[in-house]
Amino acid sequence: MDSPSSTTRIAARTSMIDSIRACGLSGMRIDREDLKRRLSMPEYLQVAMRETIKRKNVEPEENCQSDLIVEGNGVEPPEAPMVVFINSRSGGRHGPELKERLQQLMGQDQVFDLSNVKPNEFVQYGLGCLEKLAELGDYCAKDTRQKLRIVVAGGDGTVGWVLGSLGELNKQGREPVPPVAIIPLGTGNDLARSFGWGGSFPFAWKSAIKRSLQRASSGPICRLDSWHAVIQMPSGEVVDPPHSLKATEDCALDQGLQIEGELPEKVNCYEGVFYNYFSIGMDAQVAYGFHHLRNEKPYLAQGPIANKLIYSSYTCTQGWFLTPCISDPSLRGLKNILRMHVKKVNCSEWEQIPVPKSVRAIVVLNLHNYASGRNPWGNLSPEYLEKRGFVEAHADDGLLEIFGLKQGWHASFVMVELISAKHIAQAAAIRLEIRGGEWKDAYLQMDGEPWKQPMNKDYSSFIEIKRVPFQSLMVSGD
């Protein structure tokens, strides 16, 4: 497998440029049959994986085990074996057509619709099938498992779902972990932008898909940090938790930072992993309302452009643009409910960072891009970085950028890059403490998946963010 590059330095691009590039003749020049030959697994492996996932048992059936091994030893492995996960509900009306097109360009059983096969099922049973056959002496299965790459056709949330499932391979010592390429079908697609896969579904998509698969099969491999978030809260439950956030019994906080005040007798804990960003405040509140509106009226959201228009309209109705004029406590600055500590680069001690009075949303960012390819902190000069004790940000540097957004007007100007967001800190670990008072709920989100976090006026809730000890592998689209 290719060696991952030590740094990730892939610049963001605009959606228009990506679409024009994808419309070019480069996709048309790729011979379809040659591409299919390079990507397609032998039929017996496709069938074996399909049946293993269906039966949820990696052990081959006794009456076909020897036949599989004999057949495998007589077949040459593919040059660049590939599996695609597709969220067929993404990409507007193109989702089902794209699924059919992908199946034509490789084996039908190498394209998994996420509504039918979950990534964790593929990791446990699909990859487990290849590993079991390799263990029994199947050279073709062994070589296929070693070279396998994965493409995710979906938005950032879908990509994160797949990356999280693949991360289990590190914990189980099942290496190598397949690297991941992206066909962007979501609204923001910041993960796709950060690794050179563009920010929108290409206009001439039928020819562009061939080009994307070609790049996915041979592109260099980069690294991506992932971050583990733990939430410890007084008795109660998170409202509408996303699939990336799970209840857990083990949520010990870092003992290097002493908790002030009393703790409740009983606490509830949640944990999850994010790759793009974590945020708290008004932006998460707007995202929470938008998600509910889209779920209640799915006919409104027919693609990325429609989603952005609805999102912008919904933002206007939530009061973010009028927060200085509104007395509702839930629309005031986060300073009223939030205390923040960080560990800076090459430092083992926690340091309290004041929350600016005017900030109504705090974003903790891992990537180069935020909110559809924006650079919220602008182009930071070497003098500024040195003065603040910061380093240049990369997706694999073990650090997070923390910035604040004020009311909606400020956020809007940041999004069109007329001004920069309020750069608060750069951190290797973060502890957030929130307590209610007049506020009954806070709104949080990870990688675009929002939830409502109940607050208690007597006891604090704690969110601790630390880097996962292993990195995800991404295929560069450049």
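Residues take their numbers from the sequence shown, with the count starting at 1. Bear in mind that the values here come from a model prediction, so they are computed numbers and not experimental data.
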Donor-acceptor under 3.5 Å ([X] side chain, [Y] main chain):
X      : Y      : result
Asn456 : Tyr459 : yes
Arg339 : Val355 : no
Gln255 : Leu253 : yes
Arg431 : Asp254 : yes
Tyr277 : Gly448 : yes
Arg149 : Gly219 : yes
Asp225 : Gly398 : yes
Arg388 : Glu386 : no
Asp447 : Asn276 : yes
Asn366 : Tyr275 : yes

In this structure, are over 12 heavy atoms from other groups packed under 6.0 Å from [X] atom [atom1]?
X      : atom1 : result
Gln258 : CD    : no
Asn346 : CG    : no
Glu100 : CD    : no
Glu168 : CD    : yes

Do [X] and [Y] have side-chain heavy atoms sitting under 4.5 Å apart?
X      : Y      : value
Met82  : Ser217 : yes
Val177 : Leu166 : yes
Leu444 : Phe278 : yes
Val162 : Phe122 : no
Tyr443 : Lys452 : yes
Val342 : Ile402 : yes
Leu399 : Phe390 : no
Leu257 : Glu349 : no

Assess the residue pair His228 and Phe274 against the criterion (ring pair (Phe, Tyr, Trp, His ring centres under 6.0 Å)); give the C-alpha distance rounded to whole Å, side-chain angles, the decisive distance to 0.1 Å, and a yes or no. CA-CA 7 Å; His228 184 229; Phe274 68 93; 9.9 Å; no
Gln232 versus Asn268, side-chain donor and acceptor atoms under 3.5 Å
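There is no such pair (donor and acceptor under 3.5 Å, judged by atom type) between the side chains of Asn268 and Gln232.
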* Would you mind checking if Lys118 and Glu121 are paired as a salt bridge, meaning a charged N to carboxylate O distance below 4.0 Å? =>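 Salt bridge absent between Glu121 and Lys118.
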If you look at every heavy atom in [X] and [Y], which pair is closest and at what distance?
X      : Y      : answer
Arg223 : Asp396 : O-CB, 3.5 Å
Pro354 : Ile424 : O-CG2, 4.4 Å
Arg467 : Gln471 : NH1-CG, 4.0 Å
Ser226 : Val273 : CB-CG1, 3.9 Å
Leu367 : Ala395 : CD2-CB, 4.1 Å
Gly154 : Asn87  : CA-CB, 4.5 Å

Practice task
Check salt bridge (charged side-chain N to carboxylate O under 4.0 Å, His left out) between Glu271 and all other residues, then give those that pass, not counting sequence neighbours.
Solution key: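 Applying salt bridge (charged side-chain N to carboxylate O under 4.0 Å, His left out) to Glu271 gives none.
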Any chance you could measure [X], atom [atom1], to [Y], atom [atom2], to the nearest 0.5 Å?
X      : Y      : atom1 : atom2 : answer
Asn336 : Lys357 : CG    : NZ    : 9.0 Å
Met474 : Ile221 : CE    : CD1   : 11.0 Å
Phe462 : Cys269 : CZ    : SG    : 11.5 Å
Leu185 : Leu98  : CG    : CG    : 6.0 Å
Leu102 : Gln110 : CG    : CD    : 11.0 Å
Ser460 : Leu432 : OG    : CG    : 11.5 Å

Taking it one step at a time, do Lys210 and Arg101 satisfy side chain to side chain contact (heavy atoms under 4.5 Å, CB included)?
CA-CA 10 Å; Lys210 289 194 296 181; Arg101 175 68 168 170; 4.0 Å; yes
query = Going through the distances and angles, do Lys457 and Met455 end up as a side chain to side chain contact (heavy atoms under 4.5 Å, CB included)?
reply = CA-CA 7 Å; Lys457 66 178 181 180; Met455 290 192 293; over 6 Å; no
Stepwise, does the salt bridge (charged side-chain N to carboxylate O under 4.0 Å, His left out) test hold for Glu351 with Lys343? CA-CA 6 Å; Glu351 177 184 337; Lys343 284 185 180 180; over 6 Å; no
Report task. Could you pull out all residues at least two apart from Trp451 that satisfy ring pair (Phe, Tyr, Trp, His ring centres under 6.0 Å)? Result ->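 For Trp451, no residue satisfies ring pair (Phe, Tyr, Trp, His ring centres under 6.0 Å) once neighbours in sequence are set aside.
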- Quick one: do Trp227 and Leu400 satisfy side chain to side chain contact (heavy atoms under 4.5 Å, CB included)? Show the steps, please. CA-CA 9 Å; Trp227 297 85; Leu400 293 164; 3.5 Å; yes
Legend entry - salt bridge (charged side-chain N to carboxylate O under 4.0 Å, His left out) between Lys99 and Asp113, intermediate numbers included: CA-CA 8 Å; Lys99 176 183 174 181; Asp113 191 325; 3.3 Å; yes
query = Yes or no on side chain to side chain contact (heavy atoms under 4.5 Å, CB included) for Ile182 and Val151, after CA distance, side-chain angles and deciding distance?
reply = CA-CA 5 Å; Ile182 305 171; Val151 176; over 6 Å; no
